[in-house]
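Notes follow once the structure below has been shown.
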Amino acid sequence: MLYIGCHLSSSKGFAAMGRQALELGANTFQFFTRNPRGSRAKDLDPADAAALRDLLARHGFGPIVAHAPYTLNLCGAEEKNRIFARETMADDLARLEHVPGQYYNFHPGSHVGQGSETGIALIADGLNAILRPDQATTVLLETMAGKGTEVGRSFEELACIIEGVAAKCPELSDKLGVCLDTCHVSDAGYDIIHDLDGVLDEFDRVVGIDRLHAVHINDSKNPCGAHKDRHECIGKGYLGSEEFGGGMQVMQNIVSNGRLRALPFILETPNELAGYAAEIKLLRSLQQ
Ligand code: FE
Ligand code: FE
Ligand code: ZN
């Protein structure tokens with residue numbers, strides 16, 4: 001059973017997203033915890049959260065993925081930006097306790113010229129301040145494309161962040177995992193078209209495969225190593241198109257891979273809802 005879904009708007013609340021996912025043929029989904037600029041979130045309605053919990057259980061959903069605002073930066077150069085990121089993420093995690101057992105994905109950050117070592121240390125410090133040993137949510141570091149000064153452009157950088165958290169508090173690092181974005185890792189230079197298993201071997205060696213909890217399944221508008229981060233629809237980009245990608249075989253390999261197939265797959269492709277429904281159907285048909 002493939003767990004697949006797409007990014008959905010959270011404007012109508014939790015349960016509405018669950019119903020929307022069902023309409024699209026999805027059994028997982030992703031949503032922004034608040035608007036992407038990171039402003040105040042709406043007050044949480046416990047009855048709405050309970051309705052979503054019920055829907056997820058009744059319909060056999062896989063884990064769902066809350067996505068932090070992408071403007072947050074745990075390793076910003078100014079302290080006020082770092083504090084804002086910490087406070088917002090801590091607030092998101094407190095809210096997510098109303099829907100326990102899910103994932104909270106975030107972009108590690110941008111070091112904005114301070115250097116990746118400083119960035120990694122600041123991100124680890126931020127996570128040490130935010131994570132709680134008793135929280136029911138696993139926090140996922142997203143693999144990044146490496147545009148600008150992004151941290152998390154290599155498996156090594158992600159491993160260093162996790163090790164930085166563990167160095168101060170091993171039990172908090174149990175709350176951390178990774179979400180692999182297929183567009184981002186390809187843009188970062190990992191050749192998942194020709195050697196998906198080699199890339200996953202490397203992930204296992206550097207990070208540990210049991211840290212991998214979710215996949216963002218996106219095609220890319222740019223070739224491997226471009227460091228751009230422009231998502232494309234499935235089969236139209238440098239991963240899955242017949243003209244300049246590896247064809248649908250690439251997507252089939254991803255959803256069928258023994259180390260990926262049980263994870264939730266989230267589409268973040270440039271689509272309206274009908275396009276998402278079609279991609280969900282397509283990927284379900286491809287899984288072997
Ligand atoms: Fe993301
Ligand atoms: Fe992503
Ligand atoms: Zn992206």
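Counting starts at 1 for both ligands and their atoms, following the listed order.
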His231 side chain to Thr269 backbone, donor-acceptor under 3.5 Å: no
Does the distance from a Lys or Arg side-chain N to an Asp or Glu carboxylate O, for [X] and [Y], drop under 4.0 Å?
| X | Y | result |
| --- | --- | --- |
| Asp229 | Lys147 | yes |
| Asp204 | Arg259 | no |
| Asp125 | Arg82 | no |

Results of side-chain hydrogen bond (donor to acceptor under 3.5 Å, both in side chains) for Glu232 - residues two or more places apart only: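 With sequence neighbours excluded, Glu232 shows a side-chain hydrogen bond (donor to acceptor under 3.5 Å, both in side chains) to Lys221, given in chain and number order.
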Heavy atoms from other residues, nucleotides or ligands near CD of Glu117 exceed 12 (cutoff 6.0 Å): no
Using the ring of each side chain (for Trp, its six-membered ring), is [X] parallel, tilted or perpendicular to [Y], with breaks at 30° and 60°?
| X | Y | answer |
| --- | --- | --- |
| Phe31 | Phe14 | perpendicular |
| His184 | His107 | perpendicular |
| Tyr70 | Phe32 | perpendicular |

Sphere of radius 2.8 Å around the Fe ion (ligand 2) - protein N, O or S atoms inside: Glu142 OE2, Asp181 OD2, His216 ND1, Glu268 OE1
Cluster companions of Val65 among Ile, Leu, Val, Met, Phe, Trp, Tyr (side-chain spacing under 4.5 Å): Tyr103, Leu140, Ile266
Near the Zn ion (ligand 3) (under 2.8 Å) - protein N, O or S atoms: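 Within the sphere that stays under 2.8 Å of the Zn ion (ligand 3), the protein atoms of type N, O or S are His184 NE2, Asp229 OD1, His231 NE2.
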The Fe ion (ligand 1) - closest N/O/S atom in His107: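 Result for His107 and the Fe ion (ligand 1): NE2.
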